[in-house]
Amino acid sequence: MAACMRRLATRDEDAARMFMERLYPLVLKLVRAHLPRRTSDEDLVQTVFMKIFANLGQYSGQVPIEHWVSRIAVNTCLNELKAEKIRPEWRWSDFSEEEQHLIESLAASASDNDTLPALASRDLLDKLLATLSPQDRLVIQLLHLEERSVSEVRQITGWSEPMIKVRAFRARKKLQKSLRRLDGNQP
Amino acid sequence: MNDSQRELSRLFKAARLVKSVQGSEQLPPHLATRLLAAWRSVGHSDNWPILATIFRRALYGAAAIMLLCLLWSYSDNGTPDSDVALANYEVQNEVQNELLQ
């Protein structure tokens with residue numbers, strides 16, 4: 001990767017292609033996880049890569065390139081998400097039958113061993129996450145869905161560890177409240 | 001752990017299973033072309049450092065020429081030509097004074 005970056009500095013197109021191919025899965029994953037509504041993931045991926053190329057000279061090499069790229073991708077997404085002022089407020093009728101069934105089964109069965117449908121769970125969680133602020137969404141995504149450590153989240157976001165823990169705690173509380181509200185609102 | 005915390009943990013656990021489905025994505029050729037085109041255009045607009053160097057050198061050159069002109073002009077004051085010019089000026093003044101009187 002170091003050799004690729006040296007070639008990149010000399011405007012080598014093959015190196016640029018190799019660099020993008022290597023980092024594309026990481027950037028796409030982050031972009032999809034924090035994609036604002038009405039924004040195409042390809043547009044945002046392009047914005048992220050352009051920022052990376054424009055600031056490549058500032059990369060010190062002290063941290064892995066993936067961490068540096070992650071931070072740029074996350075900050076770009078957060079900036080885009082800031083423009084989203086309105087957050088949806090879901091009602092029972094907004095959920096699909098499968099999601100409604102999932103909410104009911106979540107409340108009915110408290111056993112950890114009962115498996116839940118993965119795709120419906122993900123869709124439901126995405127809808128609940130959409131009600132949170134971009135920062136809260138990010139911290140839940142990184143800590144609980146990607147199962148990253150607090151230290152990794154600190155490297156990606158640049159936030160302090162206490163801030164991450166407090167933000168995650170508050171975000172979980174908000175999600176629990178949303179779930180309780182939905183459970184109480186069902187007909 | 002209370003009920004709502006447990007519910008949320010189960011939801012996270014189930015949602016995490018989707019992660020592997022979205023797994024390894026490769027850069028699509030059309031996007032690679034688009035990104036490379038954007039990268040090239042960034043390169044074209046990135047000529048400012050070279051232009052700034054040229055402007056800086058031009059500025060230093062102009063300053064050096066100005067300084068040389070000033071030095072030449074100061075060193076030129078002591079030549080006989082300036083004495084002649086001064087004499088001419090004095091003669092002209094005298095003539096003008098005489099005419100006025």
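Convention: sequence-line order gives letters A, B, ...; per-chain numbering from 1.
For a heavy-atom cut-off of 4.5 Å, chain B lies close to A:Arg172, A:Lys173, A:Leu175, A:Gln176 in residues 166-176 of chain A. For residues 66-75 of chain A, heavy-atom neighbours of chain B at less than 4.5 Å comprise no residues at all.
Of all non-hydrogen atoms in B:Ala38 and A:Gln46, the two that sit nearest each other are CB-NE2, 3.5 Å. Closest non-hydrogen pair, A:Tyr24 versus B:Gln26, comes out as CE2-O, 3.3 Å. Scanning all heavy atoms of the two residues, the minimum distance from B:Leu35 to A:Phe49 falls at CD1-CD1, 3.9 Å. When all heavy atoms of B:Ala14 and A:Ser121 are compared, the closest pair comes out as CB-OG, 3.2 Å.
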Distance-only check: which donor-acceptor pairs under 3.5 Å involve side-chain atoms of residues 92-99 of chain B, not counting sequence neighbours?
{"unit_1": "B:Asn97", "atom_1": "ND2", "unit_2": "B:Asn93", "atom_2": "O", "d": "3.4"}

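Residue B:Leu11 touches chain A through both its backbone and its side chain, counting heavy-atom pairs closer than 4.5 Å. For a residue to count as touching a neighbouring chain, one of its non-hydrogen atoms must lie under 4.5 Å from one of that chain's; by this rule A:Met20 touches chain B with backbone and side chain alike. Proximity to chain B (any heavy atom under 4.5 Å) is shown, for A:Leu119, by both the backbone and the side chain.
For the atom pair CG of B:Leu36 and CD of A:Glu13, the computed distance is 5.0 Å after rounding to the nearest 0.5 Å. Once rounded to the nearest 0.5 Å, the distance linking CZ of A:Arg22 with CG of B:Leu27 reads 14.0 Å. The distance from the CD atom of A:Glu42 to the CZ atom of B:Arg34 is 5.5 Å, given to the nearest 0.5 Å. Distance CD1/A:Ile140 to CG/B:Leu8: 7.0 Å, rounded to 0.5 Å. Between the CZ atom in A:Arg122 and the CZ atom in B:Arg16 there is a gap of 10.5 Å [rounded to 0.5 Å].
Residues A:Leu145 and A:Val31 fall within the same hydrophobic cluster, defined by Ile, Leu, Val, Met, Phe, Trp and Tyr side chains chained together at heavy-atom separations under 4.5 Å. Cluster annotation: A:Tyr59 is not connected to A:Met18 through the hydrophobic network of ILVMFWY side chains, with a link wherever side-chain heavy atoms come within less than 4.5 Å.
Checked against ring-ring contact (aromatic ring centres under 6.0 Å, His included), A:Phe19 has the following partners two or more places apart in sequence or in another chain: A:Phe53.
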*Given B:Glu7 and A:Arg180, is the salt bridge (charged side-chain N to carboxylate O under 4.0 Å, His left out) satisfied, shown in steps?*
CA-CA 10 Å; B:Glu7 280 175 31; A:Arg180 273 201 307 272; over 6 Å; no
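Atom CD of A:Glu21 sits in a crowded spot, with more than 12 heavy atoms from other residues, nucleotides or ligands closer than 6.0 Å.
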